[in-house]
Amino acid sequence: MSVRPTALDRSATVLVAGSSGLVGSAVVRRLRAEGFTSVVGIRSTDVDLTDERATLAHLRLLRPAVVVDAAARVGGIAANDAEPVEFLADNLRIQTNLFAAAHAADVDRLLFLGSSCIYPKHAPQPIPESALLTGPLEETNSAYAIAKIAGVIAVQSYRRQYGRRWICAMPTNVYGPGDTFDPARSHVLPALLQRFHTARAEGAGEVVVWGSGTPRREFVHVDDLAAACLHLLDHYDDPAPVNVGVGEDLSIAELARLVADAVGFTGRISWDTGRPDGTPRKLLDVSRLRATGWRPRIGLPEGIRDTLGWYVEHVAAPAGAGGSRRGG
Ligand code: GFB
């Protein structure tokens with residue numbers, strides 16, 4: 001592993017693909033807070049990254065020095081399970097087009113965001129980066145995982161064949177302000193925040209949570225992930241991907257209890273075991289990231305409170321008004 005001592009030039013143009021998403025918007029906030037003066041976002045409504053020509057034209061015009069690829073079709077276990085064709089094809093198209101355009105525009109530094117689901121279903125825990133491609137994937141998200149694995153191989157290939165100083169970060173399950181709360185697409189943490197909040201507002205005595213409650217997950221707050229991305233762009237230049245996590249996990253049952261307490265729900269929690277559990281455990285080995293000198297700052301209880309505050313302000317209807325609206 002090589003650690004670069006020189007940080008990015010704060011006046012360089014940085015392009016953040018996927019800037020309206022959970023991760024992309026946090027990366028934009030972080031770059032601006034760190035003094036970057038030329039930060040440009042691409043939202044899916046600005047440029048369709050599944051369109052090769054449009055992507056190429058946009059990057060040739062903009063000529064960024066740095067690209068952060070946070071553009072992807074993402075979703076929780078249900079969306080991944082229901083739409084494997086789109087999770088595979090759209091993500092392959094987005095990253096293939098963006099990488100080709102970045103290469104054509106001579107982009108020196110690029111950070112590709114993958115996912116902890118690239119690792120085998122039964123990988124050793126905590127999961128080291130070396131576990132990649134050592135065993136079968138979890139079925140509920142294998143299409144998305146294959147697309148993200150292809151992204152890692154593509155970045156490594158651009159490095160090897162063209163000398164590009166591009167890197168890959170593999171975040172664990174991400175959450176935070178700006179998350180998706182639509183139950184058909186959301187990940188577990190925002191899904192539970194919404195369900196427990198609604199149950200409390202409506203005075204319900206029971207909340208049903210998917211699966212058995214036994215799977216274990218690790219959660220990184222999106223502001224910590226954004227900070228880690230910039231840290232890696234400043235200090236890391238190696239083909240090996242870097243796991244981004246917090247080093248601790250908990251069961252879905254423990255998470256449900258934490259969320260219920262944060263929301264003030266005192267009723268019963270029951271389990272819908274007809275819903276898939278997915279991977280039994282996903283705890284990342286974060287020693288490579290730690291060796292670069294980076295540590296997360298936001299603990300899970302604090303992060304849940306922060307996300308709840310955002311949800312109440314931006315998404316939930318005021319208590320008693322009935323209904324809800326999408327925010328963000
Ligand atoms: O967050 P989640 O959808 O993603 O689900 P994965 C995590 C666990 O929470 C699973 C359970 O065991 C779910 O069954 N769970 C309980 C719920 N209640 C709910 C609920 O209401 N909604 C959701 N969504 N889950 C995704 C992958 O896997 O993680 C993606 O499908 C990606 O590809 C992402 O890698 C980070 O951790 O199982």
Side-chain angles (χ1 to χ4, degrees), residues 21-23 70 72-88 90-92 113-123 125 127 132 137-152 169-176 179-199 206-222 225 241 243-246 249-260 263 265 269-284 300 304 307 311:
L22 171 67
V23 177
R73 175 182 282 268
V74 295
I77 192 166
N80 268 269
D81 210 19
E83 302 161 15
V85 171
E86 286 76 17
F87 275 84
L88 179 68
D90 285 353
N91 287 312
L92 284 174
L113 277 146
S115 165
S116 57
C117 71
I118 64 165
Y119 296 115
K121 176 170 186 165
H122 298 295
Q125 306 287 327
I127 311 172
L132 185 60
L137 298 164
E138 153 61 24
E139 300 77 14
T140 52
N141 57 32
S142 56
Y144 178 75
I146 287 286
K148 289 293 183 183
I149 293 169
V152 172
M170 296 301 124
T172 193
N173 290 34
V174 188
Y175 74 100
D179 215 334
T180 297
F181 288 85
D182 169 2
R185 308 211 66 79
S186 54
H187 289 92
V188 61
L189 202 152
L192 295 187
L193 271 178
Q194 178 172 62
R195 206 167 307 146
F196 282 108
H197 184 267
T198 306
E206 183 184 52
V207 162
V208 180
V209 181
W210 298 356
S212 63
T214 58
R216 298 184 71 83
R217 295 288 185 274
E218 177 189 16
F219 296 92
V220 64
H221 189 284
V222 71
L225 172 59
N243 288 340
V244 180
V246 299
D249 64 355
L250 77 173
S251 71
I252 298 301
E254 288 165 332
L255 176 72
R257 196 66 264 159
L258 266 184
V259 172
V263 164
F265 174 80
I269 299 175
S270 63
W271 299 92
D272 177 358
T273 50
R275 293 281 191 164
D277 271 343
T279 311
R281 192 175 185 200
K282 261 193 293 186
L283 174 65
L284 293 179
L300 190 55
I304 288 175
T307 311
Y311 169 74

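Counting starts at 1 for both ligands and their atoms, in listed order. The shown structure was predicted, so the numbers you read here are calculated from the model rather than taken from an experiment.
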>> My understanding is that only residues two or more places apart in sequence, or in another chain, count here; which of them pass side-chain contact (heavy atoms from CB on, under 4.5 Å) with L250?
In response: F219, E254, L255, L258, L300
Between [X] (side chain) and [Y] (backbone), is there a donor-acceptor pair under 3.5 Å?
X	Y	answer
E218	L284	yes
T180	D182	no
N141	I77	no

> Checking side-chain hydrogen bond (donor to acceptor under 3.5 Å, both in side chains) against E138, which of H122, K282, K121 comes through?
Replying inline: K121
> Do L137 and Y144 come close enough that some side-chain heavy atom pair is under 4.5 Å?
Replying inline: no
Identify all pairs of nitrogen or oxygen atoms, one from ligand 1 and one from the protein, separated by less than 3.5 Å, and list them with distances.
residue  : atom   : partner : partner atom : Å
ligand 1 : 1 (O)  : V188    : N            : 2.8
ligand 1 : 3 (O)  : I77     : N            : 2.7
ligand 1 : 12 (O) : D277    : O            : 2.6
ligand 1 : 14 (O) : P276    : O            : 2.7
ligand 1 : 18 (N) : W210    : N            : 3.2
ligand 1 : 21 (O) : R195    : NH1          : 3.4
ligand 1 : 21 (O) : R195    : NH2          : 2.3
ligand 1 : 24 (N) : S186    : O            : 2.9
ligand 1 : 31 (O) : N80     : ND2          : 3.1
ligand 1 : 31 (O) : N141    : ND2          : 3.4
ligand 1 : 33 (O) : N80     : OD1          : 3.2
ligand 1 : 33 (O) : N80     : ND2          : 3.4
ligand 1 : 35 (O) : S115    : OG           : 3.0
ligand 1 : 37 (O) : N173    : ND2          : 2.9
ligand 1 : 37 (O) : R217    : NE           : 2.7
ligand 1 : 37 (O) : K282    : NZ           : 2.9
ligand 1 : 38 (O) : R217    : NH2          : 2.9

